[in-house]
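Throughout, a chain's letter reflects where its sequence line sits, starting with A, and its residues are numbered from 1. Computed from a predicted model, the values in this text were never measured in an experiment. Side chains are part of it too, since the values below use all heavy atoms of this structure and drop only hydrogens, waters and symmetry mates.
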Protein chains: 2
Amino acid sequence: MATAPTTSSASLRADSARVRERMLAAARERVAAGDLELPMNAIAKDAGVGVGTMYRHFPTRRTLLETLAGESFEMLVAQAKAATDGAEGLTDLFRLALQRLLTDPSLAAVLASPTFECAETVALSQELSGAFMQLLDKAKKAGTIRPDVTGDDLRRLMCGLQYAVRSGNDDNKAAERYLDILMKGLRP
Amino acid sequence: MATAPTTSSASLRADSARVRERMLAAARERVAAGDLELPMNAIAKDAGVGVGTMYRHFPTRRTLLETLAGESFEMLVAQAKAATDGAEGLTDLFRLALQRLLTDPSLAAVLASPTFECAETVALSQELSGAFMQLLDKAKKAGTIRPDVTGDDLRRLMCGLQYAVRSGNDDNKAAERYLDILMKGLRP
DNA sequence: ACCTGAACACCGTTCAAGT
DNA sequence: ACCTGAACACCGTTCAAGT
């Protein structure tokens with residue numbers, strides 16, 4: 001690169017960030033190719049770093065997975081916050097979420113687990129949960145959703161919906177139908 | 001053992017069957033302990049056989065998995081065939097299936113894939129599919145199920161239901177509620 | 001026929017040595 | 001501070017050698 005380092009620590013930090021990005025890019029490439037196994041050794045090799053560097057940045061595979069899913073998760077949270085009220089708003093949100101879960105397997109894997117490892121993921125999950133609860137609250141008052149459904153139920157049902165769609169070999173053609181079944185089932 | 005072999009080939013076959021059972025027992029022990037990874041080397045060691053023997057009996061891990069799930073699958077098929085007509089019969093069947101899927105992760109894994117490796121599993125899946133279609137047919141005629149649902153949809157929705165239940169940490173307390181949501185969603 | 005287990009490649013994880 | 005990569009343990013899979 002043409003830029004000279006200003007101080008050695010800044011240079012270190014910049015280098016560290018660059019190295020981190022290389023690892024994430026290598027990992028993302030694998031996920032995009034449909035491989036969710038995330039072998040640390042192989043990714044390190046792809047990224048041109050030592051294995052130890054992988055472990056320094058991502059102490060567990062789960063940490064790496066949550067980091068990979070972070071961006072998708074943020075977009076999902078943004079969509080949940082922007083969702084319009086009413087049963088239709090919830091349906092639209094679920095459709096968007098389903099699309100995202102189907103395109104990003106790392107997000108699907110992260111969202112399906114009840115606990116998270118990274119503080120950032122915990123925060124995102126709480127934001128999502130909050131958005132869900134607001135929507136639920138209004139929908140329940142409007143009488144469009146059965147009253148025994150919780151915010152966490154919505155997360156789990158979304159994951160189940162995604163799994164049902166994925167369990168077929170019809171190129172996700174069933175998605176809209178299953179979404180419809182779920183939303184009808186959620187009515188009071 | 002005290003029994004003497006009658007012919008050498010019979011003895012071989014009997015030994016082969018015994019060895020096979022030992023491997024399956026070792027594998028089952030792991031699944032029961034919550035480990036679905038099925039490492040061939042380790043299972044062979046547990047069973048006291050050479051690795052090659054594992055591969056001779058179960059050419060792929062998937063073959064081993066389907067064999068493990070076989071018994072549960074058979075029981076599920078039997079229940080599906082014995083199910084009573086009407087929406088309530090279908091609900092009861094789904095409840096039983098859900099219980100089975102939650103107790104036997106190998107069955108859950110096998111049923112979630114659209115294609116099977118063992119001929120025996122293919123046969124079981126067709127039997128299940130047949131039973132589902134019969135139930136669906138009657139339910140549709142009675143007007144208790146929406147007409148756009150297929151037998152394969154039932155398989156996939158069952159898998160999704162199981163996944164949604166598993167995605168929480170409430171000891172499957174949500175099972176009955178999610179079942180209710182699904183069955184309501186299936187109404188016309 | 002069927003079984004054994006050595007052999008090789010690969011991945012997980014740690015940690016002493018480098019800059 | 002951060003990175004490297006050797007080292008060891010373990011698993012996947014094959015195949016020549018045994019009975």
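Rounded to a whole Å, the CZ atom of R56(A) is 13 Å from the C1' atom of dT19(C). One can place NZ of K45(B) at 18 Å from C1' of dC3(C), the figure rounded to the nearest angstrom. For the pair Y55(A) OH and dC3(D) P, the computed distance is 16 Å after rounding to whole Å. Regarding R30(B), its CZ atom lies at a distance of 12 Å from the C1' atom of dC10(D), rounded to whole Å. For the pair N41(B) CG and dA9(D) P, the computed distance is 16 Å after rounding to whole Å. As a whole-Å value, the separation of E37(A) CD from dC11(D) P is 15 Å. Atom CE in M40(B) sits about 9 Å away from atom C1' in dG12(D), given to the nearest Å. Rounded to whole Å, the distance from CZ on R22(A) to C1' on dC2(D) is 14 Å.
Checking side-chain atoms of R156(A) against main-chain N and O of V165(B) turns up a donor-acceptor pair under 3.5 Å.
Between S16(A) and the phosphate of dC3(D), there is a side-chain N or O to OP1/OP2 separation shorter than 4.0 Å. Remark: T53(B) is in phosphate contact with dT4(C), judged by side-chain N or O atoms under 4.0 Å from OP1 or OP2. The side chain of R61(B) contributes an N or O atom lying less than 4.0 Å from OP1 or OP2 of dT13(D). The side chain of H57(B) contributes an N or O atom lying less than 4.0 Å from OP1 or OP2 of dC3(C).
Comparing dT4(D), dT13(D), dG5(D) by their closest approach to the side chain of V51(A) singles out dG5(D).
Pairing partner, dG12(C): dC8(D), with both Watson-Crick or wobble hydrogen-bond distances short of 3.5 Å. With a 3.5 Å ceiling on both atom-pair distances, the Watson-Crick or G-U wobble partner of dT19(C) is dA1(D).
Comparing A42(A) and G52(A) by the nucleotide of DNA chain C that holds the closest heavy atom to each, the one mapping nearer the 5' end is A42(A).
Hydrophobic clustering (ILVMFWY, side-chain heavy atoms < 4.5 Å, transitive): V110(B) and L36(B) are in one cluster.
The pair E176(B)-R95(B) meets the salt-bridge criterion, since a charged nitrogen lies less than 4.0 angstrom from a carboxylate oxygen. R155(A) and D152(A) are joined by a salt bridge, as a carboxylate oxygen and a charged side-chain nitrogen come within less than 4.0 angstrom of each other. In this structure, D171(A) does not pair ionically with K173(A), as no charged nitrogen and carboxylate oxygen lie closer than 4.0 Å.
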